Protein chains: 2
Amino acid sequence: MGRWEPNARERLAKAALELYSERGYEQTTVAEIAKRAGLTERTFFRHYADKREVLFGGSVALQDLFVNAVAEAPGPAAPIDAAAAGLEAAAAVFDGRREHSRQRQAVIAANTELQERELIKLASLSAALADALRRRGVTEPAASLTAEAGVAVFKVGFERWTAAAEERTLSQVMRESLEELKAVTAGG
Amino acid sequence: MGRWEPNARERLAKAALELYSERGYEQTTVAEIAKRAGLTERTFFRHYADKREVLFGGSVALQDLFVNAVAEAPGPAAPIDAAAAGLEAAAAVFDGRREHSRQRQAVIAANTELQERELIKLASLSAALADALRRRGVTEPAASLTAEAGVAVFKVGFERWTAAAEERTLSQVMRESLEELKAVTAGG
DNA sequence: CTACGCGATGACAGTCACTGACATCACATG
DNA sequence: CATGTGATGTCAGTGACTGTCATCGCGTAG
């Protein structure tokens, strides 16, 4: 065994989430993660740029999904409605992964460095959304602000969904949060 | 000289900004910053938690200012208007510091780790704003969403201000950005 | 079947951010 | 002039991350 077991990358991600959950992010060394995955520390860094990134392997796929949905929204849709289409597409990914999402969120919530990484992933998402909106003809600063608003809704909605006891769909929570944002910004 | 020169903390911040500008964040070691400030590496870490934090010494004061303005906004003001009052107060701090702001923004824009730190400072600001709004009687999720919206306006407004050639006031740019956000979220 | 090439992994040395422990200095106060 | 206190220096150590080279498993040309 050892060399040439398949799925090294996924094994590392699984081992990392387990160890971060068991003893905390800071108390886990990269060498321990690699060992549990049957690999060496050096190989860990060939698959992930750093100790944080191992929790964010899916962020590229999520961003692509979100952005494509915005790009392919009906031509006449308003910017905010295009963003809403992106939220729907993104929300669908998490169906049936609520427990995994919860565990991951708990690990991130417990450590500042991991929160930083999560925030920059969301910022990257926001930038990509603004780009997609501009390609739809939306001008600045409306594009950036719509993107920021969309990500804010995603963030708040996702937090409420992982925290909630009941079994509402993420997509439902997203829709409600978006309506709340509209109500709130209409208030002035 | 050496021991007991005054303002060690400020000297470190100045040396760091200079070195990060001259040769980049990654190419600068903490030992070099300390040396330029006439101190040792160990002393650097007594003043700043890490190599990034040295660029964010003023964030606590900014947050306090922003939050206090929200808390002290007129009683009957809508949540979004209370946030607007906070934006005004925050904007005032940067009057006459445009060049310094530009240099600092350039350093941060050039490095991902620094962007992460900036984002978590903004997230902290958002959380504090949501808190202040809740103390005004605003309920969730309106408080969080208003806070996120306020920070989004701050972020976009600040970027436009440092990027702009003309000499508009930051406060003016903030007001415009807020109006844009309102227009955009009303669109659906 | 064998030699060769290629991509993934291991082994090892090195840099640097960051921390704990203890000594030392400048100044205030009695 | 003695003593306490807070800021600084010194030193040793851990762990994240990188560069370099050797090694392994497997496919493929001959």
Side-chain angles (χ1 to χ4, degrees), chain A residues 1-57 107-108 110-118 120-121, chain B residues 1-57 107-108 110-118 120-121:
Chain A
M1 55 164 291
R3 264 188 188 184
W4 307 127
E5 294 293 320
N7 305 324
R9 194 180 163 86
E10 287 69 28
R11 268 154 50 215
L12 285 166
K14 179 167 179 286
L17 181 59
E18 288 171 6
L19 285 165
Y20 292 172
S21 290
E22 289 169 16
R23 58 180 90 158
Y25 171 81
E26 284 186 1
Q27 284 65 47
T28 303
T29 69
V30 173
E32 291 168 342
I33 298 170
K35 188 177 179 184
R36 180 170 295 200
L39 295 165
T40 65
E41 187 181 359
R42 190 66 185 87
T43 298
F44 176 96
F45 287 109
R46 289 198 178 96
H47 286 278
Y48 296 102
D50 58 48
K51 191 184 167 187
R52 279 137 265 154
E53 197 66 17
V54 68
L55 284 182
F56 298 86
V107 168
I108 293 173
N111 182 271
T112 303
E113 289 182 45
L114 293 173
Q115 291 164 36
E116 289 183 339
R117 182 56 49 88
E118 170 135 296
I120 206 168
K121 297 294 182 185
Chain B
M1 55 164 290
R3 264 188 189 184
W4 306 127
E5 295 295 319
N7 305 325
R9 194 179 163 87
E10 288 68 29
R11 268 154 49 215
L12 286 166
K14 180 167 178 287
L17 181 59
E18 288 172 6
L19 285 165
Y20 293 172
S21 290
E22 289 169 16
R23 60 181 88 159
Y25 171 81
E26 284 186 3
Q27 284 65 47
T28 303
T29 69
V30 173
E32 290 168 341
I33 299 170
K35 187 176 180 186
R36 181 171 294 200
L39 295 165
T40 65
E41 187 181 0
R42 191 65 185 87
T43 298
F44 176 96
F45 287 109
R46 289 200 177 94
H47 286 277
Y48 296 101
D50 58 48
K51 191 184 168 187
R52 280 137 262 151
E53 197 65 18
V54 68
L55 284 182
F56 297 87
V107 168
I108 293 173
N111 182 271
T112 302
E113 289 182 45
L114 293 172
Q115 291 164 37
E116 289 184 338
R117 183 55 51 88
E118 170 133 295
I120 206 169
K121 296 294 183 186

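Atoms considered below: every heavy atom in the structure, side chains included; atoms not considered: hydrogens, waters and symmetry mates. Quick caveat, the model's predicted, so the values are computed rather than measured.
A donor-acceptor contact shorter than 3.5 Å links the side chain of B:S21 to the backbone of B:L17. At distances below 3.5 Å, not a single donor-acceptor pair connects side-chain atoms of B:K35 with backbone N or O atoms of B:E41. Side-chain atoms of B:K51 come within 3.5 Å of backbone atoms of B:T28 as a donor-acceptor pair (strictly under, hydrogens ignored).
Look at CG on B:D50: it is 16 Å from P on D:dA16, rounded to the nearest Å. One interatomic measurement links the two molecules: CG of B:L12 to C1' of D:dA7, which rounds to 13 Å at whole-angstrom precision. When the P atom of C:dG14 is taken as reference, atom CD of A:E41 falls 16 Å away, rounded to whole Å. Counting to the nearest Å, the P atom of C:dG10 and the NZ atom of A:K35 are 14 Å from each other. What separates CD of A:E26 from P of C:dC18 is a distance of 12 Å, to the nearest Å. As rounded to whole Å, 13 Å separates atom C1' of C:dC18 from atom CD1 of B:I33. Distance, A:F45 CZ to C:dC16 C1': 13 Å, rounded to whole Å. Rounded to an integer number of Å, the gap from A:K51 NZ to D:dT18 P is 15 Å.
In this structure, B:A8 reaches the sugar-phosphate backbone alone: every heavy-atom distance under 4.0 Å involves primed, P, OP1 or OP2 atoms, never a base. Among the protein residues, B:R52 comes within range of the sugar-phosphate backbone only, with heavy atoms under 4.0 Å from sugar or phosphate atoms but none that close to a base.
Phosphate contact (OP1/OP2 of D:dG9, side-chain N/O of B:T43, threshold under 4.0 Å): present. Residue A:T40 has no polar side-chain atom (N or O) positioned under 4.0 Å from OP1 or OP2 of C:dT9. When the side-chain nitrogen and oxygen atoms of B:H47 are compared with OP1 and OP2 of D:dA7, none of them lie within a distance under 4.0 Å. Regarding contacts with the backbone of C:dG14, every side-chain N or O of A:R42 stays at 4.0 angstrom or more from both OP1 and OP2.
No hydrogens or angles were tested; on distance alone, a donor-acceptor pair under 3.5 Å links the side chain of A:R46 to the base of C:dG10.
Between A:R52 and A:E118 there is no salt bridge, since none of the side-chain N atoms of the basic residue sits less than 4.0 Å from a carboxylate O of the acidic one.
Here A:R9 pairs with nothing under the salt bridge (charged side-chain N to carboxylate O under 4.0 Å, His left out) rule; sequence neighbours left out.
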